[in-house]
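Each remark here refers to the structure printed beneath this line.
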Amino acid sequence: MSPAESMDLLSRGCAEIISRRELEKKLSAGRPLRVKLGVDPTAPDIHFGHTVSLQKLRQFQDLGHEGILIIGDFTAMIGDPSGRSATRPQLTHDEVLANARTYQEQAFKVLDKAKTKVVFNGEWFRDMTFTDVIKLNSRVTLQQMLQREDFRERLDKAQPIRAHEVQYPIMQGWDSVMIRADVELGGTDQLFNIMVGRDLQKEEGQEPQVAMMLPILEGLDGTQKMSKSLGNAVGVNEAPGAMFGKVMSVSDALMARWYVLLLGREIAREAHPMAAKKELACALVERFHSAGDAAHALEEFEKRFSGRDLENAELPAFTPAVPLIDVITAAVEAYNACFGQAKSRSDVRRLVTQGSVQWRGEKVTDPKAMLDLSRPGILRLDKTRAVRVG
RNA sequence: GGGCAGGUUCCGGAGUGGCCAAACGGGGCAGACUGUAAAUCUGCUGGCUUAUGCCUUCAGUGGUUCGAAUCCACUCCUGCCCA
């Protein structure tokens, strides 16, 4: 592939590249570029949002470049302040390392393992002395660090900014120096951090990295950035059925975004939104599981939701402790046993009185109703959860 | 170190002695309607064997009071200004 063609492919889907000229120059040098992507294992799972940049890194790999996946075991302990209105809770190094393990595993669902170098940034931060830290800090000014929007906002709102948070961009920037990155990938909210990397590289006499910013993927709610802590994420490790269902529940507007950011293409103009959404869901389940899983998930979905046929759908089996119990106890046990959810009885009572719970196809709205669970049947709990008894 | 303003349920934020499990908004959940979409409408949103009932909660501890989120004392935490 010619440099111009590579350029065309690689810049597709990017929100911003700083700068295109530099990237063209690097590409035409003909050597494999060192492409950096940093991830902070603050949670054990990777979600769709992460895959946008992972996918871009994969493109680089497919063109013969080297992917350097930085596991921010040290930076994760600080927590990236980007887009944050509050200090993140601090994780211990052990927690971070545990997360890092599953992170890598999941990242390789997208990346080419053979062309990926995994580096922990603790490798260089761990051994730094306080003198080194001071020296590093003296290269930037507080004003520069505070310029960034998230900090300024907190300043305006009189919310605390802890001194260690200011270290974050400096550390991320130093990562770029240590691995001599040619390109750094990240979401648009990473602009500031990535630019600090360029500055530090220049000071160290390195050719500055190209910053490639990818759009931020909105989560299930359709407005906020996908993030596990906001509860609007779809994890790459989720079961095919759950993944499929979550994708189906997004709004049409969000579906269009996901098409572009996750599949890299537009929705077919003539497609019915429902059909388009099923296609999206299939494509994603196939990517993170398999074509067979995707077909199966689609079939189950149609059976269960379009056909409203709970009878023949795949449901977790539930064996009650006692065959004859009241609805509330039954539902609480089912939530707990089949979905690992500890619902309070009050919570379940609400579901019952509001008409969400059904036994053998009948709504049970009386919280005192007794169910004879010695008979086989389906106990529906809420919109997406139901269990099979007997 | 000094002065001032604050710390309320998931979030924002009202409440300044009983009518407070605590207004209102957001978010979330459920029902109706649907395409498990959006929009809309309705309801719910601390816990408990649902109870004009009890229990836990308004930063913490201790007090005053028949009664405290509300008053007092001390402590912890945050911001702003001054040094």
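Quick note on labels: first sequence line is chain A, next is B, and so on, each numbered from 1.
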Self-check item: Closest to the A:Ser344 side chain, choosing from B:C48, B:U50, B:U45
Solution: B:C48
Self-check item: Candidate nucleotides B:U34, B:U78, B:A30, ranked by approach to the side chain of A:Arg308 - the nearest
Solution: B:U34
Exercise. Take the protein atom CD of A:Gln354 and the nucleotide atom C1' of B:A32, then report the distance between them rounded to whole Å.
Key: 13 Å
Self-check item: Spacing of the C1' atoms in B:G15 and B:G25 (rounded, Å)
Solution: 15 Å
Self-check item: Row check, A:Phe108 ring normal vs A:Lys113 NZ/CZ: under 6.0 Å, within 45°
Solution: yes
Quiz item: A:Leu254 CG to B:A38 C1': how many Å, rounded?
Solution: 11 Å
Exercise. Specify the residue among A:Ser249 and A:Ile328 whose closest nucleotide of RNA chain B lies further upstream toward the 5′ end.
Key: A:Ser249
Quiz item: Which residue pairs pass the side chain to side chain donor-acceptor pair (under 3.5 Å) test when at least one of the two sits in residues 138-149 of chain A, sequence neighbours left out?
Solution: A:Ser82-A:Arg148, A:Arg139-A:Glu203, A:Arg139-A:Glu204, A:Arg148-A:Asp150, A:Arg148-A:Asn193
Exercise. Please state how far atom CG in A:Leu280 lies from atom P in B:A37, giving the value in whole angstrom units.
Key: 16 Å
Quiz item: For B:U78, which nucleotide is its Watson-Crick or G-U wobble mate, given both distances must be under 3.5 Å?
Solution: B:A5
Quiz item: Tell me: CZ of A:Arg349 to P of B:U49, nearest whole Å?
Solution: 7 Å
Exercise. For B:G25, give its Watson-Crick or G-U wobble partner with both distances under 3.5 Å, or none.
Key: B:C11
Quiz item: Whole-Å distance between B:G26 C1' and A:Leu230 CG?
Solution: 14 Å
Quiz item: Which sits closer to the 5' end of RNA chain B, A:Ser346 or A:Gly241, going by the nucleotide each is nearest to?
Solution: A:Gly241
Quiz item: Of the candidate nucleotides B:A30, B:U78, B:G47, which contains the atom at the shortest distance from the side chain of A:Asp382?
Solution: B:A30
Quiz prompt | Whether A:Arg388 side chain and A:Ala313 backbone form a donor-acceptor pair below 3.5 Å | solution = yes
Quiz item: Excluding sequence neighbours, so at least two apart, what forms side chain to side chain donor-acceptor pair (under 3.5 Å) with A:Ser374?
Solution: A:Asp372
Practice problem: Under 4.0 Å between any heavy atoms, over every strand shown, what does A:Arg162 touch: base, sugar-phosphate, or nothing? Just pick one. | Solution: sugar-phosphate
Quiz item: Among the nucleotides B:C44, B:G79, B:G35, which one has an atom lying closest to any side-chain atom of A:Met274?
Solution: B:G35
Quiz prompt | Side-chain donor/acceptor of A:Asp221 to base of B:G27, under 3.5 Å | solution = no
Self-check item: Distance, rounded to the nearest Å, where A:Glu218 contributes CD and B:G27 contributes P
Solution: 17 Å
Quiz item: Given B:A30, B:G79, B:A51, which nucleotide is nearest the side-chain atoms of A:Ala158?
Solution: B:G79
Self-check item: Which nucleotide in B:A30, B:A32, B:G35 has an atom nearest any side-chain atom of A:Asp252
Solution: B:G35
Self-check item: Distance, P atom - from B:G3 to B:U8, rounded to whole angstrom
Solution: 24 Å
Practice problem: Mind calculating the distance between CG (A:Asp347) and P (B:G28) to the nearest angstrom? | Solution: 16 Å
Quiz prompt | Base B:U49 paired with A:Arg345 side chain (donor-acceptor, <3.5 Å) | solution = no
